[in-house]
> 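Take a look at this one; I'll ask things after.
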Amino acid sequence: MPELPEVQTVVSDLQELVASQTLEKIVINDPKVWFHSSLQPKYFTGRQLRHVDRRGKYIVYNFGDIHLVQHLRMTGKMLLSDAKEIPHNIIKANSLQLRLKLIFNNVELVFYDPRRFGTMTAVIDLDAYFKSKQLAPELYSNEPQLALDHYLAKVDYSNRPIKSTILDQSIICGAGNIYADEALHRAGVHPSTPTNTLLSSQHQAIFAHLKEVMREAILKRGTSAADYLDLNGNPGVFKQYLKVYKRKDELCKTCDRTRICRIKIAGRSSHYCPKCQPFTKTND
DNA sequence: TATGGCCTGTAC
DNA sequence: GTACAGGCCATA
C-alpha cells in the first residue's frame, strides 16, 4: 500500500511530468471520489499546475490559490493513461474503479483504484486543511528536530501498543503497516510493547529507524507488496529488503534461526521476530 | 481510545 | 463460500 516512500515516488514523478502544465479538464467518473461541498472540478479548468508536493501520505497539486489534495489509501494508483497496467476492460466498461482523469495539455493521468477508498479533495486553505487533520511534522523537512521533539513529547502519555502509536499520523506521520513493522524490527522492539514503558533511548531508536528505512525505500522507489505501482505501472523494488513484513513463518534475516511471527494489533497484522524483538517491559 | 465501516480482489 | 488486506474517519 502506498506509504510515505511510495507517495514520495509518485510525487517526484508527477513533479517532473506535469509541473507547469495547464490542467485542461478533470473528468470525474466515480462521484464518490470528489470531496468538496462547493468547489467543483470545472473550477480547476485552464489553471496552471505550479508544483506537486507531499504532506504525510497526501499528494498536493498546487494551482496557486487552489489545490487538489489526493489520498491513495490502499489500492489507489496514479497512472499515465496509456500505461499498459490499466486493465483494458476497466477502461472500456467505464468502471467506477477508474475514478477520475486529470487531462493536462501534454499528459493524461488516471486515478485508478479497485477498492475505491481513495479521495481527491479541492482545498483552498491548505494550512487549515492539514491542521484539521492534525498531522505530525514532516520527517524530512528543513527542521528535522521538530518531528522528533513532537514525537517524544507525545509518547509518554499512552499505554497503547507501540505499533498503534507509530501508525498514528498525529504522532509521527508517513508510516503505514509495512514500515512500522520494519522499523520496530530494526529497533528490536516488540510491536505490543506499551508505548509509555519504552525508554527515551528506545523511542529515539524507533524514530531514527523509521526515518532510515523509509529513506532507503524512497531510493528503491517504494515497496510493491501487493498493489502499488508508479505512474508508468512499474513496481517499487524495496520488497526484497523487507525483513519481517509479510514474511510469516520465514526465517528472520537478522538472527537467521527464528521464524517470523504474525499477530493482530489494533486490527492490523504485525510481523516480528520473537528473538530479535522480545516482549519486555523495560521500566515501570 | 478502541472499534466498525468503507470497498473489492485475492487466498484459503 | 468466507476471511482477509489496511488508511482514515465517524462513532461510542
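Numbers restart at 1 for each chain; the letters A, B, ... are given by sequence-line order, proteins then strands. Every heavy atom of this structure was used, including side-chain atoms; hydrogens, water molecules and symmetry mates were not.
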> For A:K264, which contact category applies under a 4.0 Å heavy-atom criterion: base, sugar-phosphate, or nothing?
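It contacts sugar-phosphate atoms only.
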> Give every residue pair that meets the side-chain hydrogen bond (donor to acceptor under 3.5 Å, both in side chains) criterion with at least one member in residues 50-59 of chain A, sequence neighbours excluded.
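Non-adjacent pairs meeting side-chain hydrogen bond (donor to acceptor under 3.5 Å, both in side chains): A:Q8-A:R54, A:H51-A:D53, A:R54-A:E138, A:R55-A:E138.
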> When the P atoms of C:dA3 and B:dG5 are considered, how many whole Å apart are they?
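About 14 Å, rounded to a whole number of Å.
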> Between the side chains of A:D181 and A:K163, is the shortest nitrogen-to-carboxylate-oxygen separation below 4.0 Å, so that they form an ion pair?
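The answer is yes: the pair qualifies as a salt bridge.
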> Counting only side-chain N and O atoms of A:K32, is one of them less than 4.0 Å from OP1 or OP2 of B:dC7?
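Yes, such a contact exists.
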> Listed by chain and number, what are the salt bridge (charged side-chain N to carboxylate O under 4.0 Å, His left out) partners of A:R116, not counting sequence neighbours?
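A:R116 satisfies salt bridge (charged side-chain N to carboxylate O under 4.0 Å, His left out) with A:D30 once adjacent residues are dropped.
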> Using a heavy-atom cut-off of 4.0 Å across all strands, would you classify A:R99 as base, sugar-phosphate, or nothing?
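If one applies the 4.0 Å heavy-atom cut-off, A:R99 turns out to touch nothing in the nucleic acid.
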> Measure all distances between protein nitrogen or oxygen atoms and nitrogen or oxygen atoms of nucleotides 8-11 of chain C, and list the pairs falling under 3.5 Å.
residue, atom, partner, partner atom, Å
C:dC8, OP1, A:H71, NE2, 2.6
C:dC8, N4, A:R268, NH2, 3.4
C:dC9, OP1, A:K133, NZ, 2.5

> Taking any heavy-atom pair under 4.0 Å as a contact, classify A:Y228: base, sugar-phosphate, or nothing.
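Touches nothing.
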> Between A:Q97 and B:dG9, is there a contact of a side-chain N or O with OP1 or OP2 at under 4.0 Å?
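For B:dG9, OP1/OP2 do have a side-chain N/O of A:Q97 under 4.0 Å.
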> Only counting residues at least two apart or in another chain, list the ones meeting side-chain hydrogen bond (donor to acceptor under 3.5 Å, both in side chains) with A:Y272.
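With sequence neighbours excluded, A:Y272 shows a side-chain hydrogen bond (donor to acceptor under 3.5 Å, both in side chains) to no residue whatsoever.
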> Give me the distance, rounded to whole Å, that separates C:dC9 from B:dG9 when you measure between the P atoms they each carry.
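Each nucleotide's P atom is 24 Å from the other's.
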> Using whole Å, report how far CD1 of A:I263 lies from P of C:dA5.
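Going from A:I263 (CD1) to C:dA5 (P), I get 13 Å.
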> What nucleic acid atoms does A:M1 come within less than 4.0 Å of, heavy atoms only: base, sugar-phosphate, or nothing?
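Sugar-phosphate contact only - A:M1 comes under 4.0 Å of backbone atoms but never of a base.
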> Suppose you measure atom P in B:dC7 against the same atom in C:dG1; what distance do you get, rounded to whole Å?
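Rounded to whole Å, the distance is 24 Å.
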> Output every pair passing side-chain hydrogen bond (donor to acceptor under 3.5 Å, both in side chains) with a member in residues 250-262 of chain A, not counting sequence neighbours, ordered by first then second residue.
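Pairs touching residues 250-262 of chain A that pass the test: A:R247-A:E250.
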> Does A:K248 put a side-chain nitrogen or oxygen below 4.0 Å from OP1 or OP2 of C:dC4?
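Answer no for this pair, as no side-chain N or O of A:K248 is under 4.0 Å from OP1 or OP2.
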> Are side-chain N/O atoms of A:T75 and A:D113 paired as donor and acceptor at under 3.5 Å?
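Short answer, yes.
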> Once pairs are restricted to Watson-Crick or G-U wobble with both distances under 3.5 Å, how does DNA chain C read as a dot-bracket string, [ ] for crossings and | for other-strand pairs?
|||||.||||||
> Could I get the full list of side-chain hydrogen bond (donor to acceptor under 3.5 Å, both in side chains) partners for A:Y129, not counting sequence neighbours?
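A:K133.
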> Describe the nucleic acid contact of A:S164 in one word from base, sugar-phosphate, nothing, applying a heavy-atom distance below 4.0 Å.
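The residue A:S164 makes no contact with any strand.
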> Between A:R116 and B:dT8, does any side-chain N or O lie under 4.0 Å from OP1 or OP2?
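For B:dT8, OP1/OP2 do have a side-chain N/O of A:R116 under 4.0 Å.
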> Who passes salt bridge (charged side-chain N to carboxylate O under 4.0 Å, His left out) against A:D127, sequence neighbours left out?
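Testing A:D127 for salt bridge (charged side-chain N to carboxylate O under 4.0 Å, His left out), a comparison that skips the adjacent residues, returns none.
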> In chain order, what residues pass the salt bridge (charged side-chain N to carboxylate O under 4.0 Å, His left out) check against A:R215, with sequence neighbours excluded?
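Here no residue qualifies.
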